[in-house]
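Everything below concerns the one structure shown next.
Keep in mind that the numbers below use all heavy atoms, side chains included, and drop hydrogens, waters and symmetry copies.
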Amino acid sequence: MNDTLLPLAVWLQLAVGGARDRLTDLWAHRSDDDGIDEAVTKMIWLAIGIVVALAGAAFFLTTFNSAKDSVPDPVGP
């Protein structure tokens with residue numbers, strides 16, 4: 001390796017190593033929820049789930065009703 005590429009290789013190695021170390025620390029502390037009230041977090045996720053479920057139900061009901069209106073009534077022979 002020549003003198004031009006050696007500093008670049010060292011800088012790249014240090015940058016990748018530092019990023020890897022930061023990601024490893026972030027991953028290790030991700031599950032550490034000291035100081036976070038777990039009940040509040042669960043209630044927030046429950047509220048988000050209910051809102052998503054209601055939005056999905058409203059979408060499907062709207063789609064079903066619009067499709068139902070476009071189907072002609074059956075006519076007997």
Side-chain angles (χ1 to χ4, degrees):
M1 187 170 285
N2 60 15
D3 292 336
T4 307
L5 293 179
L6 184 61
L8 180 64
V10 170
W11 177 82
L12 184 63
Q13 180 65 29
L14 289 174
V16 170
R20 187 187 67 227
D21 291 341
R22 284 192 302 269
L23 286 174
T24 303
D25 290 341
L26 181 67
W27 185 260
H29 294 304
R30 180 188 57 85
S31 62
D32 182 26
D33 50 358
D34 293 337
I36 296 176
D37 189 8
E38 190 173 332
V40 174
T41 306
K42 285 183 180 179
M43 289 302 234
I44 291 171
W45 282 111
L46 181 62
I48 291 171
I50 289 171
V51 168
V52 168
L54 289 175
F59 172 75
F60 286 122
L61 284 175
T62 305
T63 304
F64 177 75
N65 287 334
S66 67
K68 184 174 68 171
D69 292 338
S70 67
V71 174
D73 292 332
V75 178

State plainly whether one hydrophobic cluster holds both W45 and V40, where clusters connect Ile, Leu, Val, Met, Phe, Trp and Tyr through side-chain heavy atoms under 4.5 angstrom apart.
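Same hydrophobic cluster.
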
Can you list the residues that meet the side-chain contact (heavy atoms from CB on, under 4.5 Å) rule with V75, with sequence neighbours excluded?
none

Residues that W11 engages under side-chain contact (heavy atoms from CB on, under 4.5 Å), provided they are two or more places apart
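side-chain contact (heavy atoms from CB on, under 4.5 Å) check on W11 returns L8.
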
Here's a test for you: under side chain to side chain contact (heavy atoms under 4.5 Å, CB included), which of V16, L12, V10 qualifies with L14?
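For L14, the side chain to side chain contact (heavy atoms under 4.5 Å, CB included) test succeeds with only one of V16, L12, V10, which is V10.
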
Quickly, which of L46, I44, I50 forms a side chain to side chain contact (heavy atoms under 4.5 Å, CB included) with I48? Name it, please.
I44

Output side-chain donor-acceptor pairs under 3.5 Å for residues 53-70, partner residues at least two apart or in another chain, one line each.
from	atom 1	to	atom 2	distance (Å)
T62	OG1	A58	O	2.7
T63	OG1	F59	O	2.8
N65	ND2	L61	O	3.3
S66	OG	T62	O	3.3
S66	OG	T63	O	2.9
S70	OG	A67	O	2.9

